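The structure appears right after this line, and notes come after that.
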Amino acid sequence: MSEPCLVGGVDAAFLGVNDLDAQLELYVGQLGWEVAEQGVIPAAEASALWGDGIGDLPVTVLTAAGSPHGRLILLEVPAQEVPEHPLQADTGLVAINMYTRDIEVSHTTLADAGQRWRTPPATWAVPLGEKLVSVTQGFLLAPEATDIVFVQPAEARGTAAWDADPDRHYTELTSVVCHVPDFEAETAFWGAEGLGLQSWYDVSFTHPGLDEMALLPAGSVMRLSFLAGPTTARLEVTRLENRTLGTDRRDQQRTGRHLGHTGWLFKVRDLSETLFRTEQLGGTVRSGPRAGAPALFAGCPVAFVETPNGLPVTFVEVSD
């Protein structure tokens, strides 16, 4: 068994971008995030971490109210055709989520600003044991194939952004979402007996509101596990009962190479132990450990791995 919280929760989601201005217009101009860091990861260091053939990668780090986690890391990748937005039934990385104070206001103001919603906001219920928890969500098609789910929480738990600025409309990331073929392997990899995240709940449910928001056939049954560390952003692992649905997006979701939601960053307390456990738990170490680039990683040890379902994850060792 690993020690608790070998990984410290979701630090950031990587987004591959071509049009940085469009990204900043959404996240900074409309959602109120801030630019925390900008720099360039040289080609040699980017290739050594994320695979051969990657060139220089300009990087922009965004935060909400200065939150040190739940961040967005924009990597300016080579110009390429924008892929289709992933659907909930697709295999691989799906959405990034954040809280909104008022989803109807978000829907109106973002639509007026030219942003596209896949579906309007909807409310539906998720069974948690014997309770039904109300969920109000809306699904935005953000620039360059990133999906954002805005959540208006019935009972908001604390977030670093709302703790720092209670009047702001949007938080840092509250979760990142994947849809995987092997649900048990993925949850075991990240869970308490694996890398140390705690399972908030593991449920299966069906609801017309989910079908409508996620463009699923009527009566689709989804299994969902929320895995959390000490930071705000959680990991949502999903699996639809109907495994014939969707497209496998994983080959087009490589960090530093492709557009859209292309990986996760986790801070760890002991990188060597994390990599040892990664292989024990069915993951694959692709590179590292090695010294990270000054931009983004400040020279801290880093490594790049794939989870048991082939999802791209970068680990960085930090001392605090």
Side-chain angles (χ1 to χ4, degrees), residues 5 7-15 27 31 33 62-65 67-73 85-88 90 92-101 103 106 118 121-122 124 126 128 133-140 142 146-163 170-180 183 186-187 189-192 195-203 205 209-210 213-214 222-240 253 260-267 307 309 311-314:
C5 293
V7 297
V10 181
D11 180 72
F14 287 103
L15 305 184
Y27 294 107
L31 303 184
W33 289 47
L62 303 180
T63 63
S67 172
H69 46 75
R71 305 178 299 163
L72 289 171
I73 300 171
H85 282 260
L87 298 172
Q88 179 59 64
D90 291 345
L93 306 178
V94 188
I96 58 175
N97 294 10
M98 68 184 77
Y99 286 166
T100 172
R101 287 286 182 200
I103 202 163
S106 296
R118 173 171 285 155
W124 40 284
V126 176
L128 294 182
V133 175
S134 176
V135 176
T136 301
Q137 297 182 334
F139 206 120
L140 187 80
T146 295
D147 295 347
I148 304 176
V149 175
F150 291 103
V151 180
Q152 181 177 322
E155 296 180 10
R157 67 191 183 94
T159 80
W162 279 353
D163 287 346
Y170 300 100
T171 66
E172 73 272 37
L173 296 184
T174 53
S175 60
V176 294
V177 188
C178 63
H179 183 246
V180 297
F183 185 95
E186 197 69 24
T187 54
F189 179 82
W190 292 106
L195 297 185
L197 298 183
Q198 301 301 306
S199 177
W200 278 18
Y201 52 82
D202 182 336
V203 297
F205 62 96
L210 171 66
M213 188 191 81
M222 176 179 286
R223 187 175 176 189
L224 167 66
S225 178
F226 270 50
L227 297 156
T231 60
T232 300
R234 302 156 296 187
L235 175 59
E236 296 186 36
V237 179
T238 66
R239 176 70 255 173
L240 287 169
Q253 294 179 331
H261 183 190
T262 52
W264 304 327
L265 178 65
F266 280 77
K267 293 178 180 177
T307 75
N309 281 278
L311 304 180
V313 178
T314 302

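All values derive from a computational prediction rather than experimental measurement.
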Query raised in the report: What pair of heavy atoms forms the shortest contact from P230 to G8, and how long is it?
Result: CD-O, 3.5 Å

Query raised in the report: Does the pair L265 and R71 meet the rule for a side-chain contact (heavy atoms from CB on, under 4.5 Å), with working shown?
Result: CA-CA 9 Å; L265 178 65; R71 305 178 299 163; 3.7 Å; yes

Query raised in the report: Under the ring pair (Phe, Tyr, Trp, His ring centres under 6.0 Å) test, which residues partner W190, sequence neighbours left out?
Result: F266

Query raised in the report: What's the spacing between M98 CE and T171 OG1 if we round to 0.5 Å?
Result: 6.5 Å

**Report entry** Residue pair L93 / L311, side-chain heavy-atom distance below 4.5 Å
**Finding:** yes

Query - Sequence-distant partners of E172, side-chain hydrogen bond (donor to acceptor under 3.5 Å, both in side chains), two or more places apart - result: T159, T232

Query raised in the report: Does a side-chain heavy-atom distance below 4.5 Å link K267 with T231?
Result: no

**Report entry** Heavy-atom check, side chain of F139 versus side chain of H85, under 4.5 Å
**Finding:** no

Requested in this report: Supply the atom-to-atom distance W162 CH2 to T174 OG1, rounded to the nearest 0.5 angstrom.
Outcome: 9.0 Å

Query raised in the report: Got L235 and E186 here, is their nearest side-chain heavy-atom distance under 4.5 Å?
Result: no

Report summary line: Taking every heavy atom of V149 against every heavy atom of A95, the minimum-distance pair comes out as CG2-CB, 3.8 Å

Requested in this report: Sequence neighbours left out, what passes side chain to side chain contact (heavy atoms under 4.5 Å, CB included) with T146? Give chain and number order.
Outcome: L15, Y27, I96, A142, I148

Query - For D202, all residues meeting side-chain hydrogen bond (donor to acceptor under 3.5 Å, both in side chains), sequence neighbours excluded - result: R223

Query raised in the report: Does R239 have any salt bridge (charged side-chain N to carboxylate O under 4.0 Å, His left out) partners at least two apart in sequence or in another chain, and if so, which?
Result: none

Query raised in the report: Considering residues at least two apart in sequence or located in another chain, which fulfil the side-chain hydrogen bond (donor to acceptor under 3.5 Å, both in side chains) criterion with R234?
Result: none

Query - Any residue meeting salt bridge (charged side-chain N to carboxylate O under 4.0 Å, His left out) with R118, in chain and number order, not counting sequence neighbours - result: D147

Query - Where V94 and D90 come nearest, the two heavy atoms and their spacing - result: CG2-O, 4.2 Å

**Report entry** side chain to side chain contact (heavy atoms under 4.5 Å, CB included) partners of T100, counting only residues at least two apart
**Finding:** I103, S106, F150, Q152, H169, Y170

Query raised in the report: What pair of heavy atoms forms the shortest contact from A13 to L173, and how long is it?
Result: CB-CD1, 3.8 Å

Query - From CD (Q253) to CZ (F14), nearest 0.5 Å - result: 14.5 Å

Query - Residues which pass ring pair (Phe, Tyr, Trp, His ring centres under 6.0 Å) with F226, listed by chain and number, not counting sequence neighbours - result: Y201

Query - Counterpart residues, side-chain hydrogen bond (donor to acceptor under 3.5 Å, both in side chains), relative to W264 (two or more places apart) - result: H261

Query raised in the report: Hey, is the main chain of A233 close enough, under 3.5 Å, to the side chain of H69 for a donor-acceptor pair?
Result: no

Report summary line: In short, P68 meets D11 closest at the heavy-atom pair O-OD1, 3.3 Å

